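Everything below concerns the one structure shown next.
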Amino acid sequence: MPQAVIPATGLYTPPQSLSNAELVDTFNAYVERFNAANAEAIAEGEVAALTPSSVEFIEKASGIKSRYVVDKTGLTDPDVMRPNIPERSNEEISVLAEMAVEAAKQAIARWGKPASEIDAVICAASNMQRAYPAMAIEVQQALGIGGFAFDMNVACSSATFGIKTAADFVASGSARAVLMVNPEICSGHLNFRDRDSHFIFGDVATAVIVEAEDRATGGWDILGTRLKTQFSNNIRNNFGFLNRAAPEGIGAIDKLFVQEGRKVFREVVPLVSDMIVEHASDLGVDPTGLKRLWLHQANINMNEMIGRRVLGRDPAPGENVIILDEFANTSSAGSIIAFHRANDDFAKGETGLICSFGAGYSAGTVFVRKR
Ligand code: CO8
């Protein structure tokens with residue numbers, strides 16, 4: 001008998017959307033200026049000329065058409081190329097926690113129970129506002145939740161790791177219900193001057209409530225959760241609290257998101273597909289009979305390949321939910337946006353899969369069945 005249930009989810013979408021064309025125009029203006037400013041050194045062979053980006057490449061290689069961002073002004077200014085997000089005072093709620101609260105309010109409203117019935121808050125995301133105090137505790141305070149709260153980071157897989165942690169808490173009786181939030185301002189740590197990756201990420205926040213089965217009236221039974229990690233250097237962010245202690249200085253590029261995208265693609269597709277099929281088999285679920293896949297949203301070609309391997313056929317339209325065309329890669333939030341947006345048509349007893357994969361490497365599978 002399943003012991004944990006997902007009764008409701010929530011989504012906060014930042015108000016500004018940034019198209020590929022806007023992103024590429026800014027990048028190419030930067031390239032033109034850089035090449036003009038360094039014309040002599042480029043001619044001498046001392047500096048490599050930069051190459052423009054293209055809308056066609058981005059859409060074909062990734063499937064991304066646009067992304068939501070918390071600030072567009074800096075991202076469309078070739079002299080800035082980072083979001084403008086003013087620092088807040090210690091008396092104000094932090095930007096990331098505020099987004100998480102918005103997503104959480106929606107989840108709680110859909111749940112239809114008071115926040116006081118939640119006993120724990122987990123903030124599971126790629127980039128935390130700061131080392132401490134935890135964002136999760138800010139969210140807990142903003143919503144008047146009791147119990148305990150903490151932050152955890154498993155990069156793009158944070159949400160499934162968070163759901164498993166929450167499910168274990170309710171199954172063991174540590175909490176009646178857990179609020180798990182995924183605020184992601186990926187634009188804060190993306191190098192918008194890097195042609196290979198400037199288009200990859202967007203900003204958003206999602207929320208998931210996990211509740212003990214004996215208290216829940218509707219929603220989704222969690223049939224099983226499984227986590228996997230395997231060390232890889234192919235996706236890294238070296239920003240951290242020891243940066244200021246390095247005598248050689250903080251550097252620049254490698255303290256932002258960096259990846260070997262091709263290698264990630266090649267290595268992660270089999271890792272994730274095999275994990276899904278094995279976990280399904282252990283649960284007695286036929287993977288080819290899953291009604292829907294809500295996969296992490298990193299790359300359309302990757303998702304299509306995993307979909308084919310798991311379902312054993314080309315997924316029919318809507319079977320393998322794609323939201324990255326509108327949102328880009330939103331790290332931990334991607335699979336939850338997909339789940340949140342595309343589950344209304346499930347009948348009782350139908351089964352689907354929430355699955356994440358990302359840096360670490362890390363991957364998580366959560367099979368759910370409509371109650
Ligand atoms: N415009 C035009 N051409 C380009 C561009 C561009 N912008 N970029 C590259 N090209 C060119 C290259 O120069 C290359 O040309 P050539 O063949 O002449 O050398 C050609 O296009 C092909 O380049 P790639 O091999 O790099 O292109 P791919 O087809 O591999 O596509 C992708 C690149 C889209 C990045 C793809 O590899 C991919 O999506 N891989 C998977 C990545 C992935 O899933 N990463 C997960 C990261 S998320 C995570 O876990 C961390 C979360 C942390 C969040 C932090 C927030 C910042």
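Atoms within each ligand, like the ligands themselves, are counted from 1 in listed order. No experiment lies behind these values; they were computed from the predicted model shown.
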For each nitrogen or oxygen atom of ligand 1, which protein N/O atoms lie closer than 3.5 Å, and how far apart are they, rounded to 0.1 Å?
{"from": "ligand 1", "atom 1": "1 (N)", "to": "S54", "atom 2": "N", "distance (Å)": "3.2"}
{"from": "ligand 1", "atom 1": "3 (N)", "to": "R195", "atom 2": "NH2", "distance (Å)": "3.0"}
{"from": "ligand 1", "atom 1": "7 (N)", "to": "S53", "atom 2": "OG", "distance (Å)": "2.9"}
{"from": "ligand 1", "atom 1": "7 (N)", "to": "R195", "atom 2": "O", "distance (Å)": "2.8"}
{"from": "ligand 1", "atom 1": "8 (N)", "to": "R195", "atom 2": "O", "distance (Å)": "3.4"}
{"from": "ligand 1", "atom 1": "13 (O)", "to": "R195", "atom 2": "NH1", "distance (Å)": "3.0"}
{"from": "ligand 1", "atom 1": "29 (O)", "to": "R262", "atom 2": "NH2", "distance (Å)": "2.8"}
{"from": "ligand 1", "atom 1": "30 (O)", "to": "R262", "atom 2": "NE", "distance (Å)": "2.9"}
{"from": "ligand 1", "atom 1": "37 (O)", "to": "G261", "atom 2": "O", "distance (Å)": "3.3"}
{"from": "ligand 1", "atom 1": "39 (O)", "to": "N299", "atom 2": "ND2", "distance (Å)": "2.7"}
{"from": "ligand 1", "atom 1": "40 (N)", "to": "G261", "atom 2": "O", "distance (Å)": "3.1"}
{"from": "ligand 1", "atom 1": "45 (N)", "to": "Q259", "atom 2": "OE1", "distance (Å)": "2.8"}
{"from": "ligand 1", "atom 1": "50 (O)", "to": "A359", "atom 2": "N", "distance (Å)": "2.7"}

Give a yes or no on whether [X] atom [atom1] has more than 12 heavy-atom contacts from other residues, nucleotides or ligands under 6.0 Å away.
X: E87; atom1: CD; value: no
X: Q141; atom1: CD; value: no
X: R313; atom1: CZ; value: yes
X: K291; atom1: NZ; value: yes

Quiz prompt | side-chain contact (heavy atoms from CB on, under 4.5 Å) partner of F367, the single match among T225, I276, I222 | solution =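 Answer after filtering T225, I276, I222: I276.
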
Practice problem: List the steps, then state whether side-chain hydrogen bond (donor to acceptor under 3.5 Å, both in side chains) holds for S332 with S158. | Solution: CA-CA 5 Å; S332 64; S158 298; 4.9 Å; no

